[in-house]
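Taking it in order: structure first as structure tokens, then the write-up.
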Protein chains: 2
Amino acid sequence: MASSKRISPLPLNERFATRAQYFAPSPIRAVFEMEMNPDVISLAGGNPELTHLPWAEITRTSNEVVTQHGLSAFQYGTTVGQPELIDEIQKIMALEGIESVPEDILVTSGSQMSLDLVAKLFLNPGDTVLAAAPSYSGALNVFAGMQAHVAQLEGDDEGITIDAIEAAIAHAQSTGSDIKLLYVVPNFANPSGVVMSYQRRVDIVKLCRAHRIIIVEDNPYGLINFGVDLPPALRTLDPDNVIYLGSLSKIFAPGIRIGWTDAPAMVHASLVPTAEASAICPSPLSQSIATKYLREVDWHSVLAANVDMYHRRAQALDAALQEFLPAGCNWVNPTGGFFIWVELPEPIDASAGLLDEAMEEGILFIPGTAFFLDGRGRNALRLSYSQAGEDTLREAARRLGALLHRANRVIDL
Amino acid sequence: MASSKRISPLPLNERFATRAQYFAPSPIRAVFEMEMNPDVISLAGGNPELTHLPWAEITRTSNEVVTQHGLSAFQYGTTVGQPELIDEIQKIMALEGIESVPEDILVTSGSQMSLDLVAKLFLNPGDTVLAAAPSYSGALNVFAGMQAHVAQLEGDDEGITIDAIEAAIAHAQSTGSDIKLLYVVPNFANPSGVVMSYQRRVDIVKLCRAHRIIIVEDNPYGLINFGVDLPPALRTLDPDNVIYLGSLSKIFAPGIRIGWTDAPAMVHASLVPTAEASAICPSPLSQSIATKYLREVDWHSVLAANVDMYHRRAQALDAALQEFLPAGCNWVNPTGGFFIWVELPEPIDASAGLLDEAMEEGILFIPGTAFFLDGRGRNALRLSYSQAGEDTLREAARRLGALLHRANRVIDL
């Protein structure tokens, strides 16, 4: 017998489910750890700026939750969420013109969990999900994790094109895959910044209904609006076939982990037990803190001031990019949301290597490949202007410009 | 054209995934809504008693989280959780003799989410999970939701028997199903109250390792101990093949939704991206509040006093059951945890009908069928003594006794 009793680690990964291969660390979260470095200017994460929240009032309301409602806030709660919070959620949706009934709303521990619930409820292995090219990587991971095929469709400045959807439908018919969901961020999309036009919304809603494709409308950024008239929500255009996902992460704070679904009754009825099996209930403490903030604080004014700040930052970054980026870079001056999607001249590859160089220069961004499951996006990157001040954004753009000029030159040799 | 523009709801349920059929509302959660009725004595939910928590100190520490750490507590956090909380979690596990390394620990939004992550990571449709008969319904739902076959195995007063496991292995070999996991609550099991013996732990650990069955050790009640010497954790007996699930829900408060996994490195490495795709991160606000409570409050004394209280309640309920229940009812006086599992004389059916009658009498319990996926448990019920005072428990037992005498008589006619 061996003298050591140390047992070798078992290869437990051989016992993983097939889907485990799709749960890969996301590039965004990998960068999140790097963002903790205070010497780095981060244009990476989609973190909201919390500095200007009304902290004295948040302290007061949070304190009252503990002193007045501690016994319920620290106890288990219902799976659907607190009626008082659902009431406030309805008012938030009403700001974007969405009429809702409380019976359709499920409070979740953030939109990522909402996506997880929808994916669990609808996706069999081999089903297809349609999404934009590029799309929010967290959503792509969830769909892939349920072993769905994600078809990322080209769009124009009005959103995913009808031609692309029709081609995807024809392709799925030829392969026998069932297109279950179309995932879309119609307002200030992450990462492209695109706002889907009214006509495109109408056309997509019609096409999806005809083909029994359920629409998942993810709208975290709708209220981060720099002054455009947004078309009606898809949920409003076809309430029977659209599942709407909302979140407090960008308009209040992500650390409380509160999102919600507003879904057709038949879907809602099955999302609730799916949520129960996933997490029992959203945190009653977080819900109570959110409710009191939304009820007792003039959060509309706070948000308006923050949106002005994001707007100024977007303009500052746009101007600095114009000043410093090499010719051939393309982007759109954002009208809302947190991001600028920069397409680079063809020779520049923005995947891993460039990010390492950027780290050395003290800046961070998300390589475009993070927003595709199929390797596309190598000549693009996502810049977030939500976390840094205007002067800092200008400095970041200067460093990025130097980097890209160098990358361009090296490859031109 | 029709004069009404009202569109009929689409049968979206026809588009659900195969697994959706397994996401049924749980009997425990259904009863949870009824528990809100203040006229009802609930012996149903596994809610901890929060009345005697040190509210002044919780108010102070929670307040300091907001005032001193608001910017990070309300922001996104890392997926694995805060190092300070992981440090406190290690100390909690050490109280039960479990040595851990911080790199193996993942903070989750409660043990239900831990179960969901493990199920996602390991279970393909058709795989088998071994569990006790009866078992915590929330775990059964998660495994079933990943389309696993759950084999609920008979046990004795030392836990699931080796014979039952060997028979299940033989059966799985004959059907070609892959047994991936064995799920066990070794300490004060929910709902049976059984503590798995040392020898049974050793035998199960050996058998599972030999058959490449990974053990999921769920231990929410280990510290709700009325004075027994608990055998070592399975995680300690075989750290390479056991995934340990811990929770603050019973020893502090469930409303903050904080649990954790302590898993072999190879499993941990894949649980993290699975968690990221499920919920991005556990609430930094909840984590900060938990950390400060565990660090700055003398929670050991608070817990000791609460455990004494649960012990007195358990004894009060046990005595009252002896006084009021008809002959032929069997249960074990609990040595820890929150529950008494009562087996009824054969003619009494404790499923739906009896609960309706109990509601009319103003008491609630969980029918035994909730703890099986296969219809067993009709002659059993779970009583929780965690939420009601001693006199109230006696009154509940009196009402339950009257009900069971009546049920017995009716069926005897």
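Lettering of chains follows the sequences in order, A, B, ..., and the numbering in each one begins at 1.
Interface remark: B:Ser62 contributes side-chain atoms only to the contact with chain A (heavy atom separation under 4.5 Å). For B:Tyr22, no part lies under 4.5 angstrom from a heavy atom of chain A. Within the 4.5 angstrom heavy-atom criterion, atoms from both the backbone and the side chain of B:Val267 approach chain A. Heavy atoms closer than 4.5 Å to chain A are found in the backbone of B:Ala119, but not in its side chain. Within the 4.5 angstrom heavy-atom criterion, atoms from both the backbone and the side chain of B:Asn124 approach chain A. Proximity to chain A (any heavy atom under 4.5 Å) is shown, for B:Leu248, by neither the backbone nor the side chain. Residue B:Leu140: no heavy atom, backbone or side chain, is found under 4.5 Å from chain A. In this structure, chain B has heavy atoms under 4.5 Å from both the backbone and the side chain of A:Leu71.
Between A:Ile256 and B:Ser283 the shortest heavy-atom distance is CA-OG, 4.2 Å. Pairing each heavy atom of A:Ile58 with each of B:Phe74, the nearest pair is CG2-CZ, 3.8 Å. Shown here for B:Pro264 and A:Leu12, the closest heavy-atom pair between the two residues is CG-CD1, 3.8 Å. Residue B:Phe16 comes nearest to A:Lys180 through the heavy atom pair O-NZ, 3.9 Å, listed as atom of the first residue, atom of the second, then distance. Of all heavy-atom pairs spanning A:Phe23 and B:Lys120, the tightest one is CZ-CD, 4.2 Å.
Of all the listed residues (A:Thr59, A:Leu115, A:Thr51), the one sharing the greatest number of non-hydrogen pairs under 4.5 Å with chain B is A:Thr59. Looking only at heavy-atom pairs under 4.5 Å with chain A, the residue among B:Asn47, B:Thr67, B:Leu117, B:Ile258 that has the most is B:Asn47. Comparing B:Ala279, B:Ser278, B:Ala253 by heavy-atom pairs within less than 4.5 Å of chain A, the highest count is held by B:Ser278. Here B:Leu121 is the residue among B:Leu271, B:Leu121, B:Val66, B:Val142 with the most heavy-atom pairs under 4.5 Å with chain A. Counting heavy-atom pairs closer than 4.5 Å to chain B, the top-ranked of the candidates A:Pro11, A:Ala144, A:Ser286 is A:Pro11. Options B:Ala56, B:Gly70, B:Ala73 differ in how many heavy-atom pairs under 4.5 Å they form with chain A, and the most are formed by B:Gly70.
Between A:Asp116 and B:Asp116, the closest side-chain pair of non-hydrogen atoms falls below 4.5 Å.
Separation of atoms CG (A:Leu10) and CG (B:Asp240) is listed at 5.0 Å; rounding is to 0.5 Å. In this structure, the separation between CG on B:Asp127 and OG1 on A:Thr18 is 8.5 Å, given to the nearest 0.5 Å. Atom CG of A:Leu285 sits about 12.0 Å away from atom CZ of B:Arg257, to the nearest 0.5 Å. If you take CE on A:Met113 and CD1 on B:Ile280, they are separated by 12.5 Å, rounding to the nearest 0.5 Å.
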Open item on the list: Please evaluate residues B:Gln387 and A:Gln75 with respect to the criterion side chain to side chain contact (heavy atoms under 4.5 Å, CB included), reporting the C-alpha separation (whole Å), side-chain torsions for both, the decisive distance (0.1 Å), and the verdict.
Closed with: CA-CA 11 Å; B:Gln387 298 186 76; A:Gln75 191 54 275; 5.6 Å; no
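No donor-acceptor pair closer than 3.5 Å links the side chain of A:Arg212 to the backbone N or O of B:Arg15. A donor-acceptor pair is defined here as one N or O able to donate and one able to accept, closer than 3.5 Å; no such pair exists between the side chain of A:Asn141 and the backbone of B:Ala277.
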